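Working notes, beginning with the structure itself.
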Number of protein chains: 2
Amino acid sequence: MARNRPRTAAPSQEVALIGRLTQQRAIVLEALMAVEGFVGAQALHNRLTGDGTPVGLTTVYRTLTAFAEAGRADVVRESNGERLFRYRPGPDHRHYLICTGCGLSLPVDSEPVETWAEKIARTSGFANVRHTVELAGLCPDCNQRARGR
Amino acid sequence: MARNRPRTAAPSQEVALIGRLTQQRAIVLEALMAVEGFVGAQALHNRLTGDGTPVGLTTVYRTLTAFAEAGRADVVRESNGERLFRYRPGPDHRHYLICTGCGLSLPVDSEPVETWAEKIARTSGFANVRHTVELAGLCPDCNQRARGR
DNA sequence: ATTGATATGAAAATCATTCCCATCTAGCTT
DNA sequence: AAGCTAGATGGGAATGATTTTCATATCAAT
């Protein structure tokens, strides 16, 4: 058991990018890929524990962090300081519009921002300029729900 | 003692924006205004304590948070999750290029981003869209210093 | 001066995240 | 197939920023 072909992609291949292929990493990865929007490490850990697939919280953190560093996950920061992760199939740099209600994320065309950031980087004299762009709001559904009370 | 006229502006007037005018708030505010770039609450607290103007850490946090909420301070998030504050004289929405070495902040022309963000907000169907844009890098000075080792 | 709403601050509580370290295991090597 | 070891795991303790608690102090209106 445990050789069913995954529906979306092969976690094993992805895991290989960050080191040794272990069961835990595959589990965390699969869970991350199954999530629609952004998730926190703790939430993911809870989900796994609830699903009867216990993985250490530490491992979840390590795996997610490693994946983000490998450029296979996007990271954003909640207003409370929590880090949220999202699996990124492609290697391209992207920005999202995130729903603060449900975590749903919508990739947005960030080309204008990229060029703008590059220009700033070039003209400022600063070295190693990186940028963070986050758009957040209430998606139509959550907005509806919020208005209904 | 403690009735010297501040060099830059009148903290008292600013403080009035967030509630009662107290000595502590004036002190925190004055300290914040005296700082060039962004500062963390703890750093500001240390500075004050060192200066022989002890103010409770709690109060520093409360004051800075209140000020940020009142729109008189900008807030950014460090990679470690720490919040950094910066006094903002005007009420206008601004974005900065921040030096990760020394905290120096350079206001940048963010007009392109604003229009971009507005467009996204309009076309997405999301409500209450807000955006966070952070540019960070090493300022020429810090870069020099970093290279010299 | 009296007074009641606010503000203060030391210590304790939270909370996400990281560290420690004894124990396991993937993936060779023999 | 058994042995080996660098790399991985995970429970619990540690960290570090921020918040809460609550008894005390202070503003500012009366």
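Predicted model only: the values in this text are computed from it and were never measured. The figures that follow rest on heavy atoms only: side chains count, while hydrogens, waters and symmetry mates do not. Per chain, numbering begins at 1; letters A, B, ... match sequence-line order.
Rounded to whole angstrom, the span from the CZ atom of R20(B) across to the P atom of dT26(D) amounts to 12 Å. Atom P of nucleotide dT8(C) and atom CG of L21(B) are separated by 10 Å, given to the nearest angstrom. The CD atom of Q23(A) sits 12 Å away from the C1' atom of dA8(D) (whole-angstrom rounding). Between the CG atom of L57(B) and the C1' atom of dA12(C) there is a distance of 14 Å, rounded to whole Å. Look at CG on L17(A): it is 17 Å from C1' on dG7(D), rounded to the nearest Å. In this entry the distance linking CD of Q42(B) with P of dT15(D) reads 15 Å, nearest Å.
Residues from residues 77-86 of chain B that place a heavy atom under 4.0 Å from any atom of DNA chain D, listed by number: E82(B), R83(B). Within residues 58-66 of chain B, the residues that have a heavy atom under 4.0 Å from DNA chain C are, in order of number, T58(B), T59(B), R62(B).
Remark: side-chain polar atoms of H45(B) are not paired, donor with acceptor, to backbone N or O of G56(B) under 3.5 angstrom.
The shortest side-chain heavy-atom distance between R83(B) and T65(B) falls under the 4.5 Å cut-off. Contact of the P112(B) side chain with the P112(A) side chain is not registered, since no non-hydrogen atoms from C-beta on lie closer than 4.5 Å.
Remark: R47(A) CZ is loosely packed, at most 12 non-hydrogen atoms of other residues, nucleotides or ligands lying under 6.0 Å away. Within 6.0 Å of atom CD in E111(B), more than 12 heavy atoms from other residues, nucleotides or ligands are found, so the atom counts as buried in its surroundings. A 6.0 Å sphere centred on CD of E36(B) holds no more than 12 heavy atoms belonging to other residues, nucleotides or ligands. Atom CG of N46(A) has more than 12 neighbouring heavy atoms from other residues, nucleotides or ligands inside a 6.0 Å radius.
Nearest heavy atom pair, residue G101(B) against residue L138(B), reads N-CD2, 3.9 Å.
Each of H45(A) and A41(B) was matched to the nucleotide of DNA chain D holding its nearest heavy atom; the match closer to the 5' end belongs to H45(A).
Of the listed residues (R94(B), R88(B), R86(B)), just one forms a side chain to side chain donor-acceptor pair (under 3.5 Å) with D74(B), and that residue is R88(B).
Here Q24(A) reaches the OP1 or OP2 of dG10(D): one of its side-chain N or O atoms lies under 4.0 Å away.
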